[in-house]
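Predicted model, so just to flag it, every value in this text is computed and none were measured. Numbering of residues begins at 1 and proceeds along the displayed sequence. When a ligand or atom number is given, it counts from 1 through the structure's own listing order.
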Amino acid sequence: MSPGEIDRDVYDITIVGGGPAGLFATFYSGIRNMKTKLIEASPYLGGQLATLYPDKYIYDVPGYTKILAQELVKKLEEQALQFNPTIRLNEKVIAIRRLGEKLIELETTKGLHYSKTVLLTTGAGAISMKKLGIPSVERFEGKGVYYAVTNKWAFRDKKVMIVGGGDSAIDWALNLKDIASEVILVHRRTVFRAQEAKVMEVFHSNVRMLVPYVIKDAHGTESLESVTLINVETGEEITLKVDALIPQIGYEIDNSIYKSWGLDVDERGVKVNGRMETNLPGVFAAGDVASPIDSIKLSLITIGFSQAIIAVNCAKHYIDPSAPVFPGHTAKLRL
Ligand code: NAP
């Protein structure tokens, strides 16, 4: 699509965001015989898996004891492309407008698209990694301080310090423990908020755990050379030589764009009901962007997959009320 172009073809479903939930939704809408378009802002598919941690093993995808994020993206892409969906890369959706009961206009950085339904699978969107906010640390960003790891082999035989007590920090400790010469995990509390078995695995591994500590200062000339930490209970300070510091202290999500599209949002994302419907008829959301009303939110890939299936099935039924929500064994060949 060239800038300013209008694609007047009306699709059954337009999926916004090509991360795992969007890719799986693309496959599943093919299964439901829906005319499908996927629009992704970046030049490639895969979402966070491709941009933030292609090299990281994921341990909680059914059927795999572990799988590299980039490998999972490859498999999801193969699956998604089976029914020849239209894929638009490098194109960011900047507005959606309901023009009629089953007609939605999507305005992108390249033009206009039309669809009967829209499924938002934008993940955490344009996420910004939370920074430690310590000037001496931020000075070394890219020169020893890394908020994202795209090539774990760059840390081979290096002394690496990871900060955080969530799944990201724990996952990186597990991923780097046999590559780096030493992994030190720093967390400000003695309680972790990551999956228990993984915390136990780290605890019983060669990873050195420093709790409850926070980073106070970073030192070096051209690049990071050492870090000073402070024990939050005793006030004791220690300085350790490290080659790399990887803070994994969460991320911030900007929901303002969805609000401007007329969507109801809360601090967790775009509000959805049990059918993954937003407050705008015909607009659905699944995966990390969705905030299920009156339910828990789990930012897990598998939850995104399940929500994608619910959303696509409900979108199918929304377009054609005679089509069952659940295809089950009802698909009949009409000759
Ligand atoms: P997170 O769950 O928000 O954890 C952030 C961690 O950093 C917390 O332990 C927090 O400490 C600590 N922290 C925050 N600000 C800090 C600061 N200024 N200084 C020191 N420590 C600080 O972030 P995440 O680990 O990136 O995970 C984000 C979401 O993605 C979560 O829902 C997570 O479950 C999910 N995720 C899942 C997987 C998986 O299932 N395989 C992998 C990665 C992420 P406190 O605990 O003291 O607040």
Report task. Say whether Val214 and ligand 1 are in contact under the criterion: heavy-atom distance to a ligand atom below 4.0 Å. Result -> no
Look at the side-chain heavy atoms of Ile, Leu, Val, Met, Phe, Trp and Tyr, link any pair under 4.5 Å apart, and say whether [X] and [Y] land in one connected group.
{"X": "Leu49", "Y": "Leu300", "value": "no"}
{"X": "Ile303", "Y": "Ile301", "value": "no"}
{"X": "Ile249", "Y": "Leu210", "value": "yes"}

Show me which atoms of ligand 1 lie under 4.0 Å from any heavy atom of [X].
{"X": "Gly250", "value": "3 (O), 5 (C), 23 (O), 26 (O)"}
{"X": "Gln195", "value": "40 (O)"}
{"X": "Lys130", "value": "14 (C), 15 (N)"}

Among all protein non-hydrogen atoms, which one is nearest to [atom], and what is the separation to 0.1 Å?
{"atom": "atom 32 (O) of ligand 1", "answer": "Ser299 CB, 3.7 Å"}
{"atom": "atom 9 (O) of ligand 1", "answer": "Gly165 N, 2.9 Å"}
{"atom": "atom 25 (O) of ligand 1", "answer": "Ser168 N, 2.9 Å"}
{"atom": "atom 28 (C) of ligand 1", "answer": "Tyr251 CE2, 3.9 Å"}
{"atom": "atom 47 (O) of ligand 1", "answer": "Arg189 NE, 2.7 Å"}
{"atom": "atom 10 (C) of ligand 1", "answer": "Arg188 NH2, 3.8 Å"}
{"atom": "atom 7 (O) of ligand 1", "answer": "Ile249 CA, 3.3 Å"}
{"atom": "atom 8 (C) of ligand 1", "answer": "Arg193 NE, 3.5 Å"}

Lys216 vs Glu237, test: salt bridge (charged side-chain N to carboxylate O under 4.0 Å, His left out). Steps then yes/no.
CA-CA 9 Å; Lys216 189 186 171 208; Glu237 285 189 17; 3.0 Å; yes
* **Test of proximity, Asp167 against ligand 1: N or O pairs below 3.5 Å** => yes
Answer side chain, backbone, both or neither: which part of [X] comes under 4.0 Å from ligand 1, heavy atoms only.
{"X": "Asp60", "answer": "side chain"}
{"X": "Asp171", "answer": "side chain"}
{"X": "Lys198", "answer": "side chain"}
{"X": "Leu300", "answer": "side chain"}

ask   = Can the positive tip of Lys116 be found less than 6.0 Å from the middle of the six-membered ring of Tyr318, inside 45° of the ring normal?
value = no
Between [X] and [Y], does any side-chain donor sit less than 3.5 Å from a side-chain acceptor?
{"X": "Thr86", "Y": "Tyr11", "answer": "yes"}
{"X": "Tyr258", "Y": "Thr122", "answer": "yes"}
{"X": "Glu71", "Y": "Tyr57", "answer": "no"}

Tell me whether atom 37 (C) of ligand 1 lies less than 4.0 Å from at least one protein heavy-atom position.
yes
If you count every heavy atom of other residues, nucleotides or ligands that lies below 6.0 Å from Glu196 atom CD, does the total exceed 12?
no
I'd like to know whether Glu225 forms a side chain to side chain donor-acceptor pair (under 3.5 Å) with Thr221, so could you lay out the CA-CA distance, the side-chain angles of the two residues, the decisive distance to 0.1 Å, and finally the verdict.
CA-CA 8 Å; Glu225 288 166 18; Thr221 44; 3.1 Å; yes
Q) Does the pair Asp9 and Lys35 meet the rule for a salt bridge (charged side-chain N to carboxylate O under 4.0 Å, His left out), with working shown? A) CA-CA 10 Å; Asp9 230 359; Lys35 189 174 164 65; 3.4 Å; yes
